[in-house]
Visitor: 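Just dropping this structure here.
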Amino acid sequence: MGPILLKLTQYLKEVVKSEFDVDLAESVLWEPSAKLEFGDLSATIALKLAKQLEKSPVDIAEIIKSALEEKIKDVADDIRIVKPGFINIFLSSRILSGMLDEFLKSGRDFFKGKDGRKVLIEYVSANPTGPLSVAHGRQAVVGDAIASVLEFCGDKVTREYYLNDAGTQLTIFTESVKAWVIHLRTGNQLVLPDGGYKGEYLRDVAQAAIDENIAEDDITSFSVQKMVDVIKASCGALGLKDFDIWFSQQKLIDDGHVEGAISFLKDKGLIYEDTDAVWFKSTDFGDDKDRVIRKADGDLTYFASDIAYHKDKLDRGYDFLIDLWGPDHHGYIARVQSAIKAMGYPDEMLKVIIIQLVTLKTKERMSKRAGKMILVSELVDDVGKDAARFYYLSRRNSSHLEFDVDLAKEASVNNPLYYVQYVCARISSIMRKAEWSDNAYDFSVFTDDDKFLLRNLFQFYFALQKAYSTCEPVFIIEYLKSLAAVFHKFYECNRVLEGDLHLMRARLVLLRAVYMLMSCGLGVLGISVVDEM
RNA sequence: GCGCCUGUAGCUCAUCUGGAUAGAGCAUCUGCCUUCUAAGCAGAGGGUAGCAGGUUCAAGUCCUGCCAGGCGCGCCA
């Protein structure tokens, strides 16, 4: 689809130039039609030129159409002008069959872009002080899916988890574990430190520390490792690909990178002292106030680490950085962006994606419970990996997600996951009964229904592009749902294993392509393909 | 007070960065299995897109002002 799009854009530019002497800058002038009834591709250029040319859009469209017709008769079966001035193209059978052949041959590589970027995506990064909540789960699944989408499209992606194994929170956490150790050893009443962690999971950590005879000095690293194990287990249960790098904040500090980053900024004259604290002039780069990086008591702030962390990411030579954060950190974006700019990089190099909150809804308790209280591990036990992923991915990143646990659990009509997976199950069933499994077919026997299904297949390109450029996996979910609808309707109206032999064989090939495409779509989202339901 | 997010059918959400008749699922109602899996299909009802202005050929989408909800505004992390 990509090459055709570029070719058609080139033709359209030439026509507009020769007919109206107007130069167009846009890189792509065609978009997917709102509905396939309108054709495969649409251009709104006539509408946009109407004012400038002082002509009616339809007249302009007609002129373009007649000039274009000659050039693209190979590509398009039909060009139609519709009401306000849309120019709609119906791709030719030659193009469609060519794309089908190529897709059958190359599979997922059919959609792969050429020159990928080197991308670092950081997500989850929950403090190693407790298990993952369902809110973390959303960040985990969305981050994993975005990474896969980028890879699918040809980027070289590194998945990273920033481990906050330093600082105040961790000290409190360690103290809490120690309190549990004393409690378990002596039987005395549990005395947690101020603001200490209350979760029962600390009992297990403390018990393990006792069992393994961990020295008091090693409690911190031991406890962090225990929590990392718990977090890794949850990520695994959600079907996440492994993180390439677990980046330790403590190591960043120990290796002197934080001090290094500060002196780097100091050399640029962006550091000053005031009221015994050290400040970074972030206002020079768009922040609304300067930020402290070293407190009056001499300790570094979290922001100081973050400056160093992002400097380190940039120094590692990535083309593009992505951070996934919770909504409670949105006020932090300007601060980090200012640091990026201060270090001499354009702020477009860092994309911060805010993943909105998750609330849970269950039948027995219709009141919305705070998602923070419920653990990922409980959720996955409840609804399974695929349903969890499907639901997590079925909203835009910026939308609040209400997770209907009962619906996700329900193995019935109601569950959109099954609606999509059912496509593969139905096709698999046909394939098991079919007598042919080769890819030989005659394109000319296809009916309009077949072609409609096929044309829908190639719309995946646009969903993928959208998901890629916006980092919104939901576009793929939406596409898969719509493809499923088209398939189910096709299935009801057309019997595959009956009638004309040539048509039957062609349809088996078509359905194989549908199955492959569903595998691509579900696969990139980390959701299982099901052959039997 | 300032900043960010959200407001679309009874409910949960889409609407491809300004386009075509605002679409799905759930819930309600009506049909369709001696035929490749009915976890499906066909159809009905359900809408002043929070409200009010503005920008233009075109606004759910962009701008302004209100209203409502969520979150954030530390020498916390």
Side-chain angles (χ1 to χ4, degrees), chain A residues 31-35 37-38 42 44 47-48 50-51 56-57 82-86 88 127 129 164 166-170 172 195 249 274-279 288-289 291-303 305-306 326-334 354 356-357 359 361 394-404 407 410-423 425-434 459 462-463 465-467 469-470 472 474-475 477-479 481-482 484-485 487-498 504 511 530 532-533:
Chain A
E31 44 190 80
S33 301
K35 293 177 180 175
E37 287 83 347
F38 295 139
S42 300
T44 56
L47 293 161
K48 297 203 163 88
K51 183 157 199 185
S56 97
V82 178
K83 244 181 10 196
F86 292 98
N88 295 332
N127 285 343
T129 53
N164 298 130
T168 318
Q169 287 305 316
L170 204 79
I172 295 171
Q249 182 190 6
D274 187 36
T275 59
D276 293 334
V278 178
W279 299 71
D288 53 2
K289 56 179 149 177
R291 303 294 172 176
V292 171
I293 54 175
R294 193 191 303 279
K295 297 181 267 185
D297 64 9
D299 286 350
L300 292 164
T301 62
Y302 181 82
F303 182 46
S305 294
D306 241 11
D328 49 338
H329 286 80
H330 73 255
Y332 204 73
I333 296 175
I354 298 296
Q356 275 296 338
L357 288 174
T359 48
K361 187 176 121 185
S394 62
R395 300 283 178 272
R396 296 190 77 127
N397 298 331
S398 60
S399 293
H400 293 256
L401 168 62
E402 187 176 67
F403 204 117
D404 189 331
L407 182 56
E410 208 172 324
S412 77
V413 198
N414 307 0
N415 194 330
L417 167 66
Y418 296 119
Y419 185 74
V420 172
Q421 287 181 323
Y422 193 37
V423 173
R426 278 181 148 175
I427 293 175
S428 293
S429 175
I430 290 175
M431 292 305 167
R432 283 192 293 269
K433 294 192 165 75
Q459 296 286 313
F462 297 105
Q465 287 303 311
K466 237 187 306 173
S469 58
T470 60
E472 295 276 6
V474 67
F475 290 128
I477 293 272
E478 290 297 319
Y479 168 78
K481 283 201 248 180
S482 76
F487 169 80
H488 287 312
K489 182 170 179 145
F490 175 88
Y491 182 93
E492 295 289 335
C493 300
N494 300 281
R495 312 228 112 233
V496 175
L497 297 176
E498 286 173 13
M504 188 192 301
L511 291 197
V530 174
E532 234 171 315
M533 291 175 74

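Throughout, protein chains are lettered first and strands after them, A, B, ... in sequence-line order, and every chain is numbered starting at 1.
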Visitor: Reckon A:Asp306 touches a base, only the sugar-phosphate, or nothing at all at heavy-atom distances under 4.0 Å?
Guide: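 Result for A:Asp306 = nothing.
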Visitor: CZ of A:Arg396 versus C1' of B:rG70: gap in Å, rounded?
Guide: 19 Å
Visitor: Report the distance from atom NZ of A:Lys51 to atom C1' of B:rG19, rounded to the nearest whole Å.
Guide: 17 Å
Visitor: Return the 5'-most residue of the pair A:Arg395, A:Tyr422 with respect to RNA chain B, ranking by each residue's nearest nucleotide.
Guide: A:Arg395
Visitor: Between atom NE2 in A:His488 and atom C1' in B:rC32, what is the gap in whole Å?
Guide: 17 Å
Visitor: Examine B:rC36: is either OP1 or OP2 under 4.0 Å from a nitrogen or oxygen in the side chain of A:Lys433? Give yes or no.
Guide: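 No, because none of the side-chain N or O atoms of A:Lys433 sits under 4.0 Å from OP1 or OP2 of B:rC36.
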Visitor: Determine, stepwise, if the pair A:Asp299 / A:Thr168 fulfils side-chain contact (heavy atoms from CB on, under 4.5 Å).
Guide: CA-CA 11 Å; A:Asp299 286 350; A:Thr168 318; over 6 Å; no
Visitor: Base, sugar-phosphate, or nothing for A:Phe462, non-hydrogen atoms under 4.0 angstrom?
Guide: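 Result for A:Phe462 = nothing.
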Visitor: Examine distances only and state if a side-chain atom of A:Glu472 and a backbone atom of A:Asn397 form a donor-acceptor pair shorter than 3.5 Å.
Guide: yes
Visitor: Just by distance, no angles: are the side chains of A:Thr129 and A:Gln169 close enough, under 3.5 Å, to form a donor-acceptor pair?
Guide: no
Visitor: Please determine, for the side chain of A:Tyr418, which listed nucleotide (B:rA39, B:rC57, B:rG40) has the closest atom?
Guide: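 Out of B:rA39, B:rC57, B:rG40, the nucleotide with an atom closest to A:Tyr418's side chain is B:rA39.
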Visitor: Identify each atom pair where a protein N or O and an N or O of nucleotides 75-77 of chain B are less than 3.5 Å apart, giving names and distance.
Guide:
| unit_1 | atom_1 | unit_2 | atom_2 | d |
| --- | --- | --- | --- | --- |
| B:rC75 | O2 | A:Ala296 | N | 2.7 |
| B:rC75 | N4 | A:Thr275 | O | 2.9 |
| B:rC75 | N4 | A:Thr275 | OG1 | 2.2 |
| B:rC76 | OP2 | A:Lys295 | NZ | 3.1 |
| B:rA77 | OP1 | A:Lys295 | NZ | 3.4 |
| B:rA77 | OP2 | A:Tyr302 | N | 3.1 |

Visitor: When you get a sec, tell me which of B:rC36, B:rG40, B:rG19 is the closest nucleotide to the side chain of A:Thr44?
Guide: B:rG19
Visitor: Can you check the distance between B:rC51 and B:rG7, where both ends of the measurement are the C1' atom (answer in whole Å)?
Guide: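 Looking at atom C1' only, B:rC51 and B:rG7 are 11 Å apart.
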Visitor: Mind listing the N/O atom pairs, protein and nucleotides 3-6 of chain B, below 3.5 Å?
Guide:
| unit_1 | atom_1 | unit_2 | atom_2 | d |
| --- | --- | --- | --- | --- |
| B:rG3 | N2 | A:His330 | NE2 | 2.3 |
| B:rC5 | O2' | A:Gln356 | NE2 | 3.4 |
| B:rC5 | O2' | A:Ser398 | O | 3.1 |
| B:rU6 | OP1 | A:Ser398 | OG | 3.4 |

Visitor: Please state the P separation for the pair B:rG60 and B:rC16 - nearest whole angstrom.
Guide: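 Between the two P atoms, the distance is 12 Å.
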Visitor: If I compare all heavy atoms of A:Tyr419 with all of A:His488, which pair ends up nearest, and what's the gap?
Guide: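 Residues A:Tyr419 and A:His488, closest heavy atoms: O-NE2, 3.0 Å.
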Visitor: Roughly how far apart, to the nearest Å, are B:rC36 and B:rA49 at atom C1'?
Guide: 43 Å
Visitor: From CG of A:Leu401 over to P of B:rC13, roughly how many Å is that when rounded to an integer?
Guide: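 After rounding, the gap between these two atoms is 7 Å.
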Visitor: Could you state the atom-to-atom distance from CD1 of A:Ile477 to P of B:rG23 in whole Å?
Guide: 22 Å
Visitor: Side-chain contact, heavy-atom cut-off 4.5 Å: A:Tyr332 with A:Tyr302?
Guide: yes
Visitor: I want to verify the glycosidic state of B:rU17; is it syn or anti under the 90° rule?
Guide: syn
Visitor: Determine the interatomic distance between C1' on B:rA14 and the same-named atom on B:rU8; round to the nearest Å.
Guide: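 These two C1' atoms come out 10 Å apart once rounded.
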Visitor: Within the pair A:Tyr419 and B:rC26, is there a side-chain N or O less than 4.0 Å away from OP1 or OP2?
Guide: no
Visitor: Need one value for A:Lys481: base, sugar-phosphate or nothing, where a base atom within 4.0 Å counts as base even if backbone is also close, heavy atoms only.
Guide: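 The answer is nothing, as A:Lys481 stays clear of every strand by at least 4.0 Å.
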Visitor: How close or far is atom P of B:rC36 from atom CZ of A:Arg426, stated in whole angstroms?
Guide: 10 Å
Visitor: Would you say the side chain of A:Val420 lies within less than 4.5 Å of the side chain of A:Lys481, judging by non-hydrogen atoms?
Guide: yes
Visitor: Syn or anti for B:rC62, please, going by whether the chi angle lies within 90° of 0.
Guide: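 Anti for B:rC62; the angle lies over 90° from 0.
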Visitor: Please classify the nucleic acid contact of A:Pro57 as base, sugar-phosphate, or nothing, using heavy-atom distances under 4.0 Å.
Guide: nothing
Visitor: Taking only the side-chain nitrogens and oxygens of A:Lys489, find out if one of them lies under 4.0 Å from OP1 or OP2 of B:rA42.
Guide: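 For A:Lys489, the contact criterion (side-chain N or O under 4.0 Å from OP1 or OP2 of B:rA42) is met.
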Visitor: Just the rounded figure in Å: distance from C1' of B:rC32 to CD of A:Glu492.
Guide: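 From A:Glu492 CD to B:rC32 C1': 9 Å.
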Visitor: Can you check whether A:Trp279 reaches A:Ile293 side chain to side chain, under 4.5 Å on heavy atoms?
Guide: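 No - every pair of side-chain heavy atoms lies 4.5 Å or more apart.
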Visitor: Locate the shortest heavy-atom distance separating A:Leu47 from A:Pro57; write the atom from each residue and the value.
Guide: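 Shortest heavy-atom separation between A:Leu47 and A:Pro57 comes out as CD2-CB, 3.9 Å.
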Visitor: Give me the stems containing RNA chain B, sorted by first residue, counting only three or more consecutive Watson-Crick or G-U pairs with both distances under 3.5 Å; say none if there aren't any.
Guide: B:1-7 with B:67-73, B:10-13 with B:23-26, B:28-32 with B:40-44, B:50-54 with B:62-66
Visitor: Looking across every strand, which nucleic acid part, if any, lies under 4.0 Å from A:Lys48 by heavy atom: base, sugar-phosphate, or nothing?
Guide: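 A:Lys48: base contact, heavy atoms under 4.0 Å.
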Visitor: Rounded to the nearest angstrom, tell me the gap between atom CG in A:Leu47 and atom P in B:rA58.
Guide: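 My rounded result for the distance is 12 Å.
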Visitor: Which heavy atom in A:Phe475 sits nearest to a heavy atom in A:Thr470, and how many Å separate them?
Guide: CE1-OG1, 3.3 Å
Visitor: Using every non-hydrogen atom in the two residues, find where A:Ser399 and A:Arg395 come nearest and quote the distance to one decimal.
Guide: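 Scanning both residues completely, I find the closest heavy atoms to be CB-CB, 4.3 Å.
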Visitor: Just compare B:rU15, B:rC36, B:rG19 and give me whichever is closest to any side-chain atom of A:Arg495.
Guide: B:rC36
Visitor: I want to check a possible cation-pi pair here: A:Arg291 against A:Phe303, using under 6.0 Å from ring centre and within 45° of the ring axis as the test.
Guide: no
Visitor: If you take all heavy atoms of A:Met504 and A:Glu498, which pair is closest and at what distance?
Guide: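 That closest heavy-atom pairing would be CE-N, 3.8 Å.
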Visitor: Under 4.0 Å, counting only non-hydrogen atoms across every strand here, what does A:Asn397 touch: a base, just sugar-phosphate, or nothing?
Guide: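 The answer is nothing, as A:Asn397 stays clear of every strand by at least 4.0 Å.
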Visitor: Tell me what A:Glu31 touches on the nucleic acid: a base, only sugar-phosphate, or nothing, going by heavy atoms under 4.0 Å.
Guide: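 If one applies the 4.0 Å heavy-atom cut-off, A:Glu31 turns out to touch nothing in the nucleic acid.
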Visitor: Determine whether A:Leu497 and A:Lys433 make a side-chain contact, defined as any pair of heavy atoms from C-beta on separated by less than 4.5 Å.
Guide: yes
Visitor: Going by heavy atoms in the side chains, are A:Lys466 and A:Glu478 under 4.5 Å from each other?
Guide: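 Result no, sub-4.5 Å side-chain heavy-atom pair not found.
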